[in-house]
Amino acid sequence: MAAVARVQIEQPELSFIMDELEAGEAAVELDDKEPQEVLAWAIDRFGQELAICCSFQADGCALIDMAHKIDPNIRVFTIDTGRMPQETYDLIDKYRQRYGIKVEVFMPDTSVVQQMVTRHGNNLFYNDVNLRLLCCQVRKVLPLRRALMNYGAWVTGLRRDQWATRSNIRKVEIDHDHGGIVKLAPLADWTEGEVWDYIRANNVPYNALYDKGYKSIGCAPCTRAVGEGQDARAGRWWWETGAPKECGMHCAIETGGFEHELAALLGHDDGGHKS
């Protein structure tokens with residue numbers, strides 16, 4: 001597996017703050033605009049406090065290409081869970097070489113991962129939905145929280161047609177789960193077909209797993225190819241029944257089942273204070 005260095009960035013003083021009113025007005029103004037127009041607006045508005053969060057799926061790849069054409073110095077970051085497919089690491093290297101960008105990498109806390117794996121095993125996610133959500137919290141959600149302390153606004157590849165929980169996303173909104181920074185979804189009104197049309201028309205590098213039947217790509221143990229006509233996210237956590245097809249990065253998930261265990265791993269008592 002390709003080695004990816006841990007990135008440590010001093011938290012800057014963020015200055016480009018928006019309130020709910022301004023964000024709402026921007027969302028209305030930009031709702032019918034093309035992704036490139038939304039990105040140009042965001043780059044002008046937030047400058048180097050803006051970054052694209054990319055898991056190197058098709059949507060994020062298209063956004064990097066669009067943004068790089070507007071500003072070659074666009075910042076890009078990713079969450080390396082430690083369980084990514086080799087094809088994803090290969091693609092990250094390809095983006096560094098092709099676009100000349102420094103992909104800022106954030107990883108989970110090693111000590112917390114060690115505790116989790118010691119208690120529940122490497123493949124805990126197959127045993128129980130709450131253990132899967134715990135793993136997602138440790139490997140994805142907590143590193144994302146740490147990463148977003150470095151930015152005033154972040155760009156995601158979310159689309160309204162991806163899943164029911166994403167059907168009402170706005171192109172600009174205040175992210176209250178991450179300190180009130182701005183969250184952007186320039187592709188919100190695009191379809192999967194439009195994303196792939198852009199990728200092919202602009203020769204954008206994409207994950208080799210797509211050519212093997214994958215439609216949504218996350219951690220290697222939790223992702224598989226899907227059959228013809230199946231929903232794009234059917235290959236994510238496919239062994240679960242009736243569970244949310246979300247990890248918690250883009251919407252808060254509260255079940256009462258994993259929160260206590262997470263607090264224990266982090267050394268908190270039930271009140272959320274250090275014990």
Side-chain angles (χ1 to χ4, degrees), residues 1-9 11 49-64 67 74-96 101-114 116-117 122 124-125 132-159 162-163 165-166 175 177-179 181-185 187 206-207 209 214 216-223 233 236-237 244-253 258 262 265-266:
M1 182 175 293
V4 184
R6 182 190 297 268
V7 173
Q8 295 181 337
I9 303 174
Q11 183 176 355
E49 290 187 7
L50 175 75
I52 297 174
C53 175
C54 187
S55 60
F56 290 89
Q57 297 191 73
D59 311 279
C61 292
L63 286 170
I64 290 177
I74 188 69
R75 296 175 71 182
V76 176
F77 76 93
T78 193
I79 305 299
D80 180 1
T81 66
R83 303 297 301 267
M84 309 304 291
Q86 181 60 42
E87 289 85 349
T88 300
Y89 294 112
D90 293 343
L91 186 61
I92 293 173
D93 287 341
K94 186 176 293 186
Y95 269 72
R96 288 194 176 105
I101 57 176
K102 179 181 73 173
V103 179
E104 300 169 20
V105 179
F106 295 88
M107 297 177 175
D109 186 294
T110 303
S111 64
V112 179
V113 172
Q114 287 178 176
M116 178 179 68
V117 172
N122 279 294
L124 68 162
F125 33 81
R132 191 271 289 178
L133 290 170
L134 174 67
C135 190
C136 288
Q137 288 284 317
V138 169
R139 293 186 180 275
K140 293 183 177 182
V141 178
L142 296 182
L144 177 66
R145 290 178 186 171
R146 190 172 72 249
L148 291 179
M149 293 175 65
N150 297 281
Y151 315 109
W154 63 307
V155 178
T156 73
L158 297 179
R159 302 194 326 270
Q162 286 172 330
W163 197 247
T165 53
R166 303 178 178 185
D175 187 351
D177 290 332
H178 299 104
I181 65 175
V182 176
K183 183 176 182 179
L184 300 113
L187 298 173
Y206 62 87
N207 198 310
L209 289 175
Y214 286 68
S216 181
I217 303 167
C219 293
C222 300
T223 308
R233 291 183 73 79
R236 303 292 290 271
W237 312 297
K245 293 286 187 179
E246 295 283 2
C247 63
M249 290 181 69
H250 295 293
C251 63
I253 298 175
F258 71 85
L262 179 62
L265 291 176
L266 297 176

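Residue numbers count from 1 along this sequence.
Nearest heavy-atom pair across Asn122 and Arg83 is O-NH1, 3.1 Å. Closest heavy-atom contact between Cys219 and Pro85: C-CD, 4.4 Å. Between Leu148 and His178 the shortest heavy-atom distance is CD1-CG, 3.4 Å. Counting all heavy atoms, side chain and backbone alike, Arg75 lies closest to Asn150 at NH1-O, 3.8 Å. Across every non-hydrogen atom of Arg139 and Thr81, the tightest pair is NH1-O, 2.7 Å. When all heavy atoms are compared, the tightest approach of Ala67 to Ile74 is CB-CG1, 3.9 Å.
Residues satisfying the side-chain hydrogen bond (donor to acceptor under 3.5 Å, both in side chains) test with Asn207, not counting sequence neighbours, are Thr88. Judged as a side-chain contact (heavy atoms from CB on, under 4.5 Å), and not counting sequence neighbours, the contacts of Ala147 are Phe77, Ile79, Phe106. Judged as a ring-ring contact (aromatic ring centres under 6.0 Å, His included), and not counting sequence neighbours, Tyr214 has no contacts. Under the side-chain hydrogen bond (donor to acceptor under 3.5 Å, both in side chains) criterion, Thr223 pairs with no residue at all, not counting sequence neighbours. Take Phe56 and apply the ring-ring contact (aromatic ring centres under 6.0 Å, His included) test, not counting sequence neighbours, and it matches Tyr95.
The CG atom of Leu63 sits 10.5 Å away from atom SG of Cys53, with the distance rounded to the nearest 0.5 Å.
Judged by distance alone, the side chain of Gln57 and the main-chain N or O of Ile217 form a donor-acceptor pair under 3.5 Å. Side chain of Thr156 to backbone of Leu184: a donor-acceptor contact under 3.5 angstrom is found.
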